[in-house]
**Student:** 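Here's a structure for you.
Lettering of chains follows the sequences in order, A, B, ..., and the numbering in each one begins at 1. Heavy atoms only: backbone and side chains are in, while hydrogens, waters and symmetry mates are out. All of these numbers come straight from a predicted model, not from anything done at the bench.
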2 protein chains.
Amino acid sequence: MAESNTPDGAWNYCSNSALKRASRQLGQLYEDLLAPSGLKITQYTLLTQIKLGRETPLKLLAEAMVMDLSALGHTLKPLQRDGLVELVADEHDRRVKRVRLTEKGNRLWSNTNGLWREAQARFDAAFGKEASENLRRTMDLIASPGFAAAFSGARQDQD
Amino acid sequence: MAESNTPDGAWNYCSNSALKRASRQLGQLYEDLLAPSGLKITQYTLLTQIKLGRETPLKLLAEAMVMDLSALGHTLKPLQRDGLVELVADEHDRRVKRVRLTEKGNRLWSNTNGLWREAQARFDAAFGKEASENLRRTMDLIASPGFAAAFSGARQDQD
DNA sequence: TAAATATAGTGGCATATACCAGTAAATTTC
DNA sequence: GAAATTTACTGGTATATGCCACTATATTTA
């Protein structure tokens, strides 16, 4: 298994920077494999989630992605421009917009799926399949509203 | 301990998106506590690393941060503008620029350190101190060059 | 029901981060 | 030692992502 040999760094003490640093590297790794599709890994993830969600309202999609609503809006822009996703107005609540993949979006997603699978397979191979599953569960926990509440409730300076 | 209750999502299958999602949430959590300092958590991390590095060349700092050199350059811009860091030319190699904290940067770092410590303490409390250390080690591994090599070498589609 | 409030999204602005092309300086080749 | 190559950094451009202010709708209050 690969070994870390990084010198002293903030990431040795700060869980946030450790996560961010790993996230940058892993993003790069997936990104390189996705390159032939023309999609960024972030975009592929977003398309996947939109596909799973079947016309989810933007608000809910943002929550699922643990992303600011306006950030989601911005991130969707290039995908709309390229005709991969489209927004449809909700029938009952005119404030709500739902997102869905276009034909083209679906096609591109399908064509890219294999590349993502390769990336994920490589990760599992390098990191260990079971460790990989555990990691995803751990990350899901950190991303959960419950964790945020525990973090915010846990005042360490007083009480 | 907090529980995850997120519905089906890409992050259940994709380690990259799982990491990114957790990273967004954790970043938010730290960010909120750092807010009074006026520093983003990313900036605080960068200042910390610059402080640890004692006039590290940009190139090395970028590598340590697992960040593109040009991205680092851009990220430093607001910090230079605000007079927190400065670049000094290397004596022997005129291509090289080294980064260091200014007086002001040092002062702000010191004043912000307590806020970061509070955030880290809360994370440890919510996540578990030992789990937190393990997590940082795991993240360090994923961020290591060795892991990238293992990932890139591990072709799953052939061989 | 009219007024107050809450909700969903948009647009502007700022930072984070990557790639690419270009520049300048050092190193290697021949 | 001049030419070719490599290295370190900069600037342009594009996506990622957050905050705030604003608009349009809904919902709640009085």
**Student:** Select one nucleotide: of D:dG18, D:dG11, C:dA8, the one nearest the side-chain heavy atoms of A:Leu69.
**Tutor:**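 From the listed options, C:dA8 comes nearest.
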**Student:** Would you say the side-chain atoms of A:Asn113 and A:Arg117 include a donor-acceptor pair closer than 3.5 Å?
**Tutor:**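 Their side chains do contain a donor-acceptor pair, which is all the 3.5 Å distance test asks for.
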**Student:** Starting at CD of B:Gln80 and ending at C1' of D:dC9, how long is that distance when rounded to a whole Å?
**Tutor:**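 Taking CD of B:Gln80 and C1' of D:dC9, I get 12 Å after rounding.
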**Student:** Check every strand shown and say whether B:Leu58 touches a base, only sugar-phosphate, or nothing at a heavy-atom separation below 4.0 Å.
**Tutor:**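 Since only primed, P, OP1 and OP2 atoms lie under 4.0 Å of B:Leu58, the category is sugar-phosphate.
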**Student:** Closest-nucleotide mapping onto DNA chain D: is A:His92 or A:Arg81 further toward the 5' terminus? I mean the 5' end.
**Tutor:** A:Arg81
**Student:** So what does B:Gln28 hit on the nucleic acid, given a heavy-atom distance under 4.0 Å: a base, only sugar-phosphate, or nothing?
**Tutor:** sugar-phosphate
**Student:** With a 4.0 Å limit, can you tell me whether B:Lys77 has a side-chain N or O closer than that to the phosphate oxygens OP1/OP2 of D:dG11?
**Tutor:** yes
**Student:** Could you give the NZ-to-C1' distance, from A:Lys97 to D:dT25, as a whole number of Å?
**Tutor:**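 After rounding, the reported distance stands at 12 Å.
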**Student:** Applying the 4.5 Å side-chain criterion to the ILVMFWY set and letting contacts propagate, would A:Ile41 and A:Val66 be lumped into a single cluster?
**Tutor:** no
**Student:** OP1, OP2 of D:dA8 versus side-chain N and O of B:Lys59: anything below 4.0 Å?
**Tutor:**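 Yes, B:Lys59 has a side-chain N/O under 4.0 Å of OP1/OP2 on D:dA8.
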**Student:** For the pair B:Asp140 and A:Arg21, find out whether any cationic side-chain nitrogen is under 4.0 Å from an anionic carboxylate oxygen.
**Tutor:**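 A salt bridge is present here (some side-chain N lies under 4.0 Å from a carboxylate O).
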**Student:** Any sub-3.5 Å donor-acceptor pair from A:Thr138's side-chain atoms to A:Asn134's backbone N or O?
**Tutor:** yes
**Student:** How many whole angstroms separate atom CG of B:Leu39 from atom P of D:dG18?
**Tutor:**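 It is 19 Å, rounded to the nearest whole Å.
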**Student:** Among D:dT15, D:dC9, C:dA16, find the nucleotide with the atom closest to the side chain of A:Pro78.
**Tutor:**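 The listed nucleotide nearest to A:Pro78's side chain is D:dT15.
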**Student:** Using whole Å, report how far CG of B:Leu34 lies from P of D:dC19.
**Tutor:**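 So the two atoms are 13 Å apart, to the nearest Å.
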**Student:** Taking atom types as they are modelled, is there a donor-acceptor pair under 3.5 Å from the base of D:dT25 to the side chain of A:Arg94?
**Tutor:**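 Not at all, since no donor on one side and acceptor on the other fall under 3.5 Å apart.
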**Student:** Any salt bridge between A:Arg24 and B:Asp68, counting N to O under 4.0 Å?
**Tutor:** no
**Student:** Expressed in angstrom and rounded to an integer, what is the separation of A:Met67 atom CE from D:dG18 atom P?
**Tutor:** 6 Å
**Student:** Judged by each residue's nearest nucleotide on DNA chain C, which is more toward the 5′ side, A:Asp32 or A:Leu87?
**Tutor:**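 Of the two residues, A:Leu87 wins.
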**Student:** By the 4.0 Å heavy-atom rule, please label B:Gln43 as base, sugar-phosphate, or nothing.
**Tutor:** sugar-phosphate
**Student:** Which of the following nucleotides, C:dT17, C:dT7, C:dA24, is nearest to the side chain of B:Arg95?
**Tutor:** C:dA24
**Student:** Do the non-hydrogen side-chain atoms of B:Ile50 and B:Leu61 ever get within less than 4.5 Å of each other?
**Tutor:**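 B:Ile50 vs B:Leu61: side chains touch.
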**Student:** To the nearest angstrom, how far is A:His74 atom NE2 from C:dT17 atom P?
**Tutor:**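 Interatomic distance, NE2 of A:His74 to P of C:dT17: 18 Å.
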**Student:** Compare every heavy atom of B:Gln25 with every heavy atom of A:Pro145, then report the nearest pair and how far apart it is.
**Tutor:** N-NE2, 4.3 Å
**Student:** Between atom CE in B:Met65 and atom C1' in C:dT15, what is the gap in whole Å?
**Tutor:**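 One finds 14 Å between C1' of C:dT15 and CE of B:Met65, rounded.
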**Student:** Pick out the pairs of N or O atoms, protein on one side and nucleotides 20-23 of chain D on the other, that lie under 3.5 Å.
**Tutor:**
none

**Student:** Please give, in whole Å, the distance from D:dA16 P to A:Lys20 NZ?
**Tutor:**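 For the pair A:Lys20 NZ and D:dA16 P, the rounded distance is 16 Å.
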**Student:** Around atom CZ of A:Arg54, are there more than 12 heavy atoms of other residues, nucleotides or ligands at under 6.0 Å?
**Tutor:** no
